[in-house]
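Reviewing the structure listed below.
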Amino acid sequence: MKNRKIGIPRALLYYYYFPFWLKLLTELNLEPVISDSTSRELLDKGVKKSLSEICVPIKVMIGHLINLDQKEVDYIFLPRFRSIRKGVVLCPKFLGLPDMVKHSLPGLNTELISDQIDSKNDNIADYSNHQKLAAVLDIPKKEMKRALKKASEFWQRYRKLLYKGYLVDDFAKIEDIEALESLISKFETDNNLPQSKRKKIKTAGKEEIVDIALIGYVYNVFDQYINMDIINKLKEMGVRVHTFSMVAEEIIEKELSRLRKPMFWEFTNKLYGAAEHYFKNDKIDGVIHLTAFGCGPDSMLGQILEVDAKENNKAFMTLRIDEQTGESHIITRIEAFIDLLRLKKEKN
């Protein structure tokens, strides 16, 4: 029997959970099909089918769903993320995503499988979060639980490498599970520190590496088209990039415990905790907050980070992106920011 094809859009939390989903579907003898990388054409299709008031990450998601629909997959996996922490929810757009898609794409030919993810922590491997997937595909409960356990273990191995200093970019382009497993096994036995071979830039007769914390939601930081390939641009400037995905959960929890009350949105809390950690880290030269125009949670987070950066005497810059953002704007601003940090290092 031919394996059924399950489409996974390369958008939103794909950049957080893709090892989990690839492993899960493969263990169930299903064929995961990932949408193409974001492009101008894909984004334009998403923009045309979206409400103008919606933020660009959702417009990108709509484009990826159209792309998958054209690939003639059997189903598209689009879970409704409600919560991954007790008492805290995700952005309302995540909660209503399947409904928005049905409204924006009434002519979508492919059936959506939209399990509701309601978990007490980041590990979404509980069977209750995948009952619709099991029911639609007629997968026995025992078999689904076995596959979920395997997927969870694989995802945790991947996360440990991020905490070690690897970037999501080091893995996210790999769509074949065997190749991804091989790379993770290789990195697990590699004693070299990630980014240790980062190109140095010579200034004032010295070779310097600037360390930057790039704070932003995974779908803004790791979608190379929508952010104008900012990570590689920073690398070319001799920058060592740090992201919130590299900060272990216990560190984020420690920073969040200092708040009188955490924010309403889980990933906003994660960004806050990671940013506070980097503000206090003497090895970090500066912090860039990468945000999408029109993002409600980020409008609150950005103000908090700006104040805290001043209190910690840490260089801070906000970059806002949307479907109209030009590459020259991004390059000019980050070049000026990095140059100022180098001047500061030379002075010190």
Side-chain angles (χ1 to χ4, degrees), residues 1-38 42 45-46 57-58 60-82 84 94 97-102 104-105 107-119 123-155 158 168 171-181 184 218-219 222-223:
M1 180 180 175
K2 186 177 179 181
N3 287 354
R4 286 167 291 183
K5 296 181 178 180
I6 311 298
I8 304 178
R10 195 193 303 262
L12 296 183
L13 294 186
Y14 173 82
Y15 294 98
Y16 200 70
Y17 283 114
F18 72 91
F20 179 89
W21 288 330
L22 288 177
K23 183 66 172 176
L24 173 64
L25 296 179
T26 305
E27 286 291 324
L28 294 171
N29 293 318
L30 302 167
E31 182 181 343
V33 178
I34 314 303
S35 56
D36 298 334
S37 297
T38 308
L42 188 150
K45 288 180 179 179
I58 299 296
V60 170
M61 170 59 86
I62 298 294
H64 280 274
L65 292 169
I66 294 171
N67 179 260
L68 282 173
D69 198 39
Q70 295 168 345
K71 291 181 180 291
E72 299 182 352
V73 294
D74 297 301
Y75 300 94
I76 294 176
F77 185 55
L78 187 70
R80 184 194 304 272
F81 273 86
R82 181 187 176 276
I84 53 174
F94 281 82
L97 183 60
D99 304 308
M100 282 194 292
V101 169
K102 290 174 184 177
S104 299
L105 300 174
L108 195 71
N109 296 314
T110 312
E111 181 181 346
L112 299 179
I113 300 177
S114 298
D115 274 291
Q116 178 164 302
I117 307 297
D118 211 338
S119 178
N123 190 350
I124 60 173
D126 193 270
Y127 177 77
S128 61
N129 292 321
H130 301 84
Q131 291 185 73
K132 286 187 179 179
L133 183 65
V136 171
L137 300 176
D138 196 24
I139 299 169
K141 185 174 182 179
K142 184 178 180 180
E143 177 64 14
M144 177 59 84
K145 283 189 171 183
R146 182 200 64 81
L148 286 167
K149 185 175 184 293
K150 290 278 189 180
S152 176
E153 291 170 351
F154 185 62
W155 184 63
Y158 157 78
V168 172
F171 308 90
K173 291 182 181 179
I174 301 175
E175 301 171 17
D176 177 73
I177 190 63
E178 290 184 1
L180 185 57
E181 287 178 329
I184 286 176
V218 284
Y219 42 86
F222 298 110
D223 187 321

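- Side-chain contact between Pro32 and Ile6 is absent, with no heavy-atom pair separated by less than 4.5 Å.
- Using a cut-off of 4.0 Å between Lys/Arg side-chain N and Asp/Glu carboxylate O, Arg10 and Glu175 are scored as salt-bridged.
- Considering Leu12, Asp36, Leu42 as possible partners of His64, the one that fulfils the side chain to side chain contact (heavy atoms under 4.5 Å, CB included) test is Leu42.
- The closest side-chain heavy-atom distance from Leu105 to Asp69 is not below 4.5 Å.
- Proximity of Phe77 to Leu24: side-chain heavy atoms (C-beta onward) are nowhere separated by under 4.5 Å.
- Residue Leu68 holds its CG atom at 8.0 Å from CD1 of Ile34, rounded to the nearest 0.5 Å.
- The ring of Phe81 has its center no closer than 6.0 angstrom to the ring center of Tyr16.
- Aromatic pair Tyr158/Phe18: centroids less than 6.0 angstrom apart.
- The salt bridge (charged side-chain N to carboxylate O under 4.0 Å, His left out) pairs that include a residue from residues 107-116 number zero, where partners must be two or more places apart or lie in different chains.
- In terms of heavy atoms, Phe94 sits closest to Arg80 at O-CG, 4.0 Å.
- The residues Lys23 and Glu153 are annotated as not salt-bridged, no charged nitrogen and carboxylate oxygen being separated by less than 4.0 angstrom.
- Partners of Ala125 under the side-chain contact (heavy atoms from CB on, under 4.5 Å) rule, at least two apart in sequence or in another chain, are Phe20, Asn123, Leu148, Ser152.
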